[in-house]
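Indexing begins at 1, ligand by ligand and atom by atom, following the structure's order. Only a predicted model underlies this, so the values are computations on that prediction, with no experimental measurement involved.
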Amino acid sequence: MEQTLSIIKPDAVKKNVTGQIISRFEQNDLRIVAMKRIQLSKAEAEGFYYVHKERPFFESLTTFMSEGPIVVMVLEGEDAIAKNRALMGATNPANAESGTIRKDFADDIERNAVHGSDSAESAAFEILYFFSGMEIR
Ligand code: ADP
Ligand code: MG
């Protein structure tokens with residue numbers, strides 16, 4: 001069993017497709033073991049995405065991620081990190097395979113509906129960024 005962090009980003013929350021996205025996780029044997037709906041401040045979005053701080057899209061990305069509410073989840077299952085990434089599809093929805101979350105719900109490379117941890121190290125950091133041990137059951 002492995003845990004990963006998933007975020008339904010402001011674009012997808014605004015479209016009211018939270019339930020449709022969560023269904024895909026459950027249909028693929030990922031279990032929600034923690035979940036909350038919050039709105040990040042700009043500084044909180046910057047802290048979450050600090051690994052990208054030198055990238056040209058950092059300013060725009062962190063403005064987008066703080067523009068409205070998000071739904072943050074810890075998903076648990078076998079190979080949860082890789083499985084979630086496969087369900088998400090490519091960063092740019094134009095390159096995402098059919099049937100993936102980003103193909104079906106994302107607008108463009110920035111407003112791409114979901115975030116998922118990309119490694120065990122990032123999952124550990126990202127889960128702790130949002131949840132305390134007592135909130136994960
Ligand atoms: P992923 O979310 O697929 O792991 P990255 O970690 O490379 O992708 O990037 C983090 C987020 O930054 C992306 O999900 C997307 O919202 C945004 N992003 C990535 N590349 C670009 C880009 N070239 N222009 C605008 N936004 C981008
Ligand atoms: Mg990433």
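Salt bridge annotation for D107-K15: present, with a cationic side-chain nitrogen under 4.0 angstrom from a carboxylate oxygen.
Contacts between H52 and ligand 1 below 4.0 angstrom, taking non-hydrogen atoms only, involve the side chain exclusively. In L61, the part holding a heavy atom less than 4.0 Å from any atom of ligand 1 is the side chain.
Looking at ligand 1, you won't find any N or O of Y49 less than 3.5 Å from one of its N or O atoms. Inclusion of R55 in the set of residues having an N or O under 3.5 Å from an N or O of ligand 1 is not warranted. In terms of polar-atom proximity, defined here as any N/O pair under 3.5 Å, H115 makes no such contact with ligand 1.
Applying the side chain to side chain donor-acceptor pair (under 3.5 Å) test between E67 and each of R111, Q39, K9 identifies R111 as the sole match.
M65 has its side chain within reach of I7: a pair of non-hydrogen atoms, C-beta onward, lies under 4.5 Å apart. When side chains are defined from C-beta on, N95 does not count as touching R102, because their heavy atoms never get closer than 4.5 Å. Here the side chains of F48 and H115 are in contact, with some heavy-atom distance below 4.5 Å. F25 is listed as a side-chain neighbour of L87, based on a closest heavy-atom distance under 4.5 Å. Counting only heavy atoms from C-beta outward, the side chains of F125 and V51 never approach each other to under 4.5 Å.
For atom 16 (O) of ligand 1, the nearest protein heavy atom (residue, atom name, distance) is E110 O, 2.8 Å. Among all non-hydrogen protein atoms, the one lying nearest atom 8 (O) of ligand 1 is T91 OG1, 3.4 Å. Atom 25 (C) of ligand 1 has its closest protein heavy atom at F57 CB, 3.5 Å. Of the protein's heavy atoms, I109 O, 3.2 Å lies nearest to atom 15 (C) of ligand 1. Atom 2 (O) of ligand 1 has as its closest protein heavy atom R102 NH2, 3.0 Å.
Of the N and O atoms on the side chains of T62 and K42, at least one donor lies less than 3.5 Å from an acceptor on the other residue.
Of all atoms in ligand 1, numbered sequentially from 1 with element shown, those under 4.0 Å from a heavy atom of K9 are 13 (C), 14 (O), 15 (C), 16 (O). Interface atoms of ligand 1 facing N112, defined by a heavy-atom separation under 4.0 Å, are 13 (C), 14 (O), 15 (C), 16 (O). Close approach of ligand 1 to R85 (heavy-atom distance below 4.0 Å) involves ligand atoms 1 (P), 3 (O), 4 (O).
For the pair K36 and F131, the cation-pi criterion (under 6.0 Å, within 45° of the ring axis) is fulfilled.
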